[in-house]
Amino acid sequence: MANKYLDTNLLDKAMHFAIDAHANTERRGKGFPYIVHPMEAVEIVATITPDQELLAAAVLHDTVEDTDVTVEQIRAQFGDRIAKLVDAESDQFTEGVSEVDSWRGRKQAAIDRLAAASHDAKIVAMGDKLSNMRAIARDYTQIGDELWNRFHAPNGKSDHEWHYRGLAQSLAELSDTFAYQEFIALIDKTFGK
């Protein structure tokens, strides 16, 4: 059986870009390089689509939100479609408002944006959100309620449940995918049915 050639030049370029952007940063409270999360997001998106631009957006999804990279830099390097997908996945912060004080408003805005987002943007978001939910479920199993102290949510576990159930509603268009089904199962496992 011959190997099928797959052009991954765009994805390879995006991976290198993301590795450089996230260099020397740690995933919050994890003790491992941040880049592990975007790489997991790519793996999840790849279970839904082979679209190289969506895979590239998945690996780049946190570069604008969590590094000095701008949407304009993403657009210049990867084009308008990928820049729009990355921008759609980036939290909008309010100048002068703390992460704790802005948490619920930012998360509600993200839920609303995702509900109105394109199918492609939802696929990219699924990679991010399922990766996050996997980490939460794993960490909650290991350390229990101490986990919620790592985050900026003022009401801990109940805020996270509200947020992830809202995300699940916004992503329901993907309910026929294994990724979405795993997402729901992990939400129920962590927060109860």
Side-chain angles (χ1 to χ4, degrees), residues 8 10-49 52 54-71 73-74 77-78 82 85-91 93 98-100 102-103 106-107 110 114 122-154 156-157 159-161 163-164 167-168 171 177-191:
T8 62
L10 180 67
L11 178 57
D12 296 346
K13 179 181 174 184
M15 285 181 174
H16 288 288
F17 188 95
I19 289 166
D20 289 344
H22 293 293
N24 302 314
T25 58
E26 177 186 341
R27 183 83 163 140
R28 183 182 310 185
K30 303 285 186 203
F32 59 73
Y34 192 92
I35 195 63
V36 171
H37 165 63
M39 292 299 190
E40 182 178 28
V42 171
E43 180 272 329
I44 293 164
V45 170
T47 69
I48 302 171
T49 181
Q52 295 295 296
L54 295 186
L55 296 173
V59 80
L60 296 167
H61 81 271
D62 273 341
T63 56
V64 171
E65 183 177 318
D66 292 336
T67 76
D68 293 333
V69 172
T70 65
V71 173
Q73 288 172 304
I74 298 292
Q77 290 286 318
F78 300 100
I82 293 172
L85 291 166
V86 171
D87 193 37
E89 188 55 18
S90 300
D91 257 1
F93 292 92
S98 75
E99 285 193 49
V100 172
S102 68
W103 190 88
R106 282 185 297 111
K107 299 309 179 186
L114 193 52
K122 288 178 182 181
I123 291 171
V124 173
M126 186 78 260
D128 174 35
K129 305 317 179 196
L130 176 52
S131 174
N132 289 340
M133 196 61 232
R134 283 175 178 175
I136 287 170
R138 194 170 43 244
D139 292 349
Y140 187 65
T141 299
Q142 293 175 340
I143 63 172
D145 286 329
E146 183 182 315
L147 168 66
W148 313 115
N149 297 329
R150 289 183 185 165
F151 301 102
H152 300 290
K157 185 177 181 179
D159 278 348
H160 284 279
E161 179 177 9
H163 178 225
Y164 278 91
L167 292 171
L171 292 167
T177 67
F178 181 80
Y180 182 86
Q181 293 159 16
E182 180 184 355
F183 186 60
I184 294 299
L186 290 172
I187 290 170
D188 289 343
K189 176 183 175 190
T190 304
F191 302 111

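Here the structure is a predicted model, which means the values were calculated and not measured.
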Leu60 and Pro38, any side-chain heavy atoms less than 4.5 Å apart: no
Atom of Ala125, atom of Leu171 and distance for their closest heavy-atom approach: CB-CD2, 4.3 Å
Smallest separation among heavy atoms of Ile74 and Val86, with atom names: CG2-CG2, 4.3 Å
Geometric class of the His160/Tyr164 ring pair [parallel <30°, tilted 30-60°, perpendicular >60°]: parallel
Heavy-atom donor-acceptor pair, Thr67 side chain to Val64 backbone, under 3.5 Å: no
Full working for side-chain contact (heavy atoms from CB on, under 4.5 Å) between Lys157 and Leu147: CA-CA 9 Å; Lys157 185 177 181 179; Leu147 168 66; over 6 Å; no
Minimum heavy-atom distance Ala18-Thr63, with the two atoms named: CA-CG2, 4.2 Å
Parallel, tilted or perpendicular: ring planes of Phe78 versus Phe17, cut at 30 and 60 degrees: perpendicular
Gap between atom CD1 of Ile48 and atom CD1 of Ile123 - 0.5 Å precision: 5.5 Å
Lys13 atom NZ, neighbour heavy-atom count above 12 within 6.0 Å: yes
side-chain hydrogen bond (donor to acceptor under 3.5 Å, both in side chains) between Lys189 and Tyr140, intermediate numbers included: CA-CA 10 Å; Lys189 176 183 175 190; Tyr140 187 65; over 6 Å; no
Asp159 backbone acceptor or donor facing Lys107 side chain under 3.5 Å: no
Asp188 and Phe183: CA distance, side-chain angles, deciding distance, side-chain contact (heavy atoms from CB on, under 4.5 Å) verdict: CA-CA 9 Å; Asp188 289 343; Phe183 186 60; over 6 Å; no
Verdict with supporting geometry, Glu65 and Asp62, side-chain contact (heavy atoms from CB on, under 4.5 Å): CA-CA 5 Å; Glu65 183 177 318; Asp62 273 341; 4.3 Å; yes
Residue pair Ala179 / Leu130: nearest heavy atoms and the distance that separates them: O-CD2, 3.6 Å
Cation-pi geometry met for Arg27 and Phe32 (6.0 Å, 45°): no
CG/Asp145: more than 12 non-hydrogen atoms of other groups inside 6.0 Å: yes
Separation of Asn132 CG from Leu186 CG (nearest 0.5 Å): 11.5 Å
Within the 6.0 Å centroid threshold, strictly below: Phe151 and Trp103: no
Heavy-atom pair of closest approach, residues Leu85 and Ala57: CB-CB, 3.7 Å
Gap between atom CD of Glu161 and atom CD1 of Ile136 - 0.5 Å precision: 11.5 Å
Expected output: side-chain Glu146 to main-chain Ile143 donor-acceptor under 3.5 Å: no
Check: Gln77 and Ile82 side chains under 4.5 Å, non-hydrogen atoms: no
Electrostatic pair Glu89-Lys129, nearest N-O below 4.0 angstrom: yes
Salt-bridge criterion met for Glu43 and Arg134 (N-O under 4.0 Å): yes
Check: Ala137 main-chain N/O paired with Thr141 side-chain donor or acceptor under 3.5 Å: yes
Side chains of Tyr34 and Asn24, donor plus acceptor under 3.5 Å: no
Shortest non-hydrogen contact from Gly127 toward Val45: CA-CG2, 3.9 Å
Thr47 and Phe178: CA distance, side-chain angles, deciding distance, side-chain contact (heavy atoms from CB on, under 4.5 Å) verdict: CA-CA 8 Å; Thr47 69; Phe178 181 80; 5.7 Å; no
Thr25 side chain to His22 backbone, donor-acceptor under 3.5 Å: yes
Donor-acceptor under 3.5 Å (Thr190 side chain, Ile187 main chain): no
Backbone N/O of Gln73 and side chain of Thr70: donor-acceptor pair under 3.5 Å: yes
Heavy-atom check, side chain of Met133 versus side chain of Glu182, under 4.5 Å: no
Interatomic spacing from CG in Leu54 to CE in Met126 - rounded to 0.5 Å: 14.0 Å
